[in-house]
Asker: 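There's a structure below that I have some questions on.
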Amino acid sequence: MSNKDLPTTENQKKRPSWDEYFMGVALLISERATCLRRRVGAVLVKDKRILATGYNGAPSGIEHCSVTGCLRQEMNIPSGQRHEICRGLHAEQNVLLQAAKFGLSSQGSTIYITNAPCSICAKMIVNAGIKEVIFKDAYPDDMAMGFLAQAEILVRKI
């Protein structure tokens, strides 16, 4: 029996769009995040194929924030500020590093992120040649959106 011969029911699950599919992957990847403040996942996609994935947290081989604590949290630093004292890498940084580590070009790709990028990640996205940024939740960094707009990168919130 082929799929076309299977009976359809009202309960049959709708096939997700590509955006829904890749954002769903980003959401799943965010569950691996080790940041105490926010879990973020990113997926780098080109020609409807996943090139690399990343989530936020401490670099490989370094103790996670769940062990060491979060200096930004202890100092009551608002979200979107003082990134330089964070132990972790952002999901966007990790996805670009994973692509580079395995020799995959990000030129002309799309990045799906569970949260909009910060200004540091936006600059990296611009220089990585990414053509489109698709995100689910906002992030308090207007400068980031300005960088992406100046670079004429398509940005969509879904």
Asker: Provide the closest heavy-atom pair for I29 versus G54 in the form atom of the first, atom of the second, distance.
Answerer: CG2-O, 3.3 Å

Asker: Kindly give the heavy-atom pair with the smallest separation between P117 and A122, and that separation in Å.
Answerer: CB-N, 4.2 Å

Asker: Taking the side chain as everything from C-beta on, heavy atoms only, tell me whether L28 gets closer than 4.5 Å to E31.
Answerer: yes

Asker: I'd like to know whether NZ of K48 has more than 12 heavy-atom contacts from other residues, nucleotides or ligands below 6.0 angstrom.
Answerer: no

Asker: Indicate, with yes or no, if L27 and L51 share a hydrophobic cluster defined by side-chain heavy-atom contacts under 4.5 Å among Ile, Leu, Val, Met, Phe, Trp and Tyr.
Answerer: no

Asker: Is I134 reachable from V155 through a run of I, L, V, M, F, W or Y residues, each pair having side-chain heavy atoms under 4.5 Å apart?
Answerer: no

Asker: Rounded to the nearest 0.5 Å, what separation is found between the OG atom of S30 and the CD1 atom of I113?
Answerer: 12.5 Å

Asker: Under a 4.5 Å side-chain heavy-atom rule over Ile, Leu, Val, Met, Phe, Trp and Tyr, are M124 and I153 clustered together?
Answerer: yes

Asker: Spell out, as yes or no, whether a donor-acceptor pair under 3.5 Å connects the side chain of N56 to the backbone of A33.
Answerer: no

Asker: Quick one: do D19 and R156 make a salt bridge, cutoff under 4.0 Å?
Answerer: yes

Asker: Considering all heavy atoms of both residues, which atom of P78 and which atom of R37 are nearest to each other, and what is their separation?
Answerer: C-NH2, 3.7 Å

Asker: E74 and R72: salt bridge (Lys or Arg N to Asp or Glu O under 4.0 Å), yes or no, with the steps?
Answerer: CA-CA 6 Å; E74 290 168 15; R72 292 178 73 236; over 6 Å; no

Asker: At what distance, to the nearest 0.5 angstrom, does CZ of F22 lie from OG1 of T110?
Answerer: 9.0 Å

Asker: Go through it in stages, so that I can follow the logic: the residues are L36 and S66, the test is side-chain contact (heavy atoms from CB on, under 4.5 Å), and I'd like the CA-CA distance, side-chain angles, deciding distance and then a yes or no.
Answerer: CA-CA 7 Å; L36 299 175; S66 59; 4.1 Å; yes

Asker: Side-chain heavy atoms nearer than 4.5 Å, only ILVMFWY residues, links allowed to pass through others: does that put I111 and M145 together?
Answerer: yes

Asker: Quick one: pull up OH in Y55 and OG1 in T34 and give me the separation to the nearest 0.5 Å.
Answerer: 7.0 Å

Asker: Could you tell me whether K14 and E20 have a side-chain N and a carboxylate O separated by less than 4.0 Å?
Answerer: yes

Asker: Which heavy-atom pair separates M23 from Y112 by the least distance, and what is that distance?
Answerer: N-CD2, 4.0 Å

Asker: Quick one: does any side-chain atom of S106 pair with a main-chain N or O of A128 as donor and acceptor, under 3.5 Å?
Answerer: yes

Asker: Starting at CG of L44, measure out to CG of L104 and round the result to the nearest 0.5 Å.
Answerer: 8.5 Å

Asker: Is the side chain of T53 donor-acceptor paired with the backbone N or O of V43 at a distance under 3.5 Å, no angle test?
Answerer: no

Asker: Distance from I120 atom CD1 to I125 atom CD1, nearest 0.5 Å?
Answerer: 12.0 Å

Asker: Of the non-hydrogen atoms in C121 and E92, which two are nearest, and what is the gap between them?
Answerer: SG-OE1, 3.7 Å

Asker: Taking atom CD of E152 as the centre, does the number of heavy atoms from other residues, nucleotides or ligands within less than 6.0 Å exceed 12?
Answerer: no

Asker: How many angstroms lie between NE2 in H64 and SG in C35, if you round to the nearest 0.5 Å?
Answerer: 12.0 Å

Asker: Mind checking whether I85 and I77 have side chains closer than 4.5 Å, heavy atoms only?
Answerer: yes

Asker: Is the Y21 ring parallel, tilted or perpendicular to the W18 ring (thresholds 30°, 60°)?
Answerer: perpendicular

Asker: Determine whether a donor-acceptor pair (N or O, by modelled atom type, separation under 3.5 Å) exists between the side chain of D141 and the backbone of M143.
Answerer: yes

Asker: Would you mind telling me which of H90, R38, K136, R39 makes a side-chain contact (heavy atoms from CB on, under 4.5 Å) with N115?
Answerer: R38

Asker: Kindly work out whether a path of hydrophobic side-chain contacts (I/L/V/M/F/W/Y, heavy atoms less than 4.5 Å apart) joins V95 to L89.
Answerer: no

Asker: For a 4.5 angstrom cut-off between non-hydrogen side-chain atoms, does Q107 reach K131?
Answerer: no

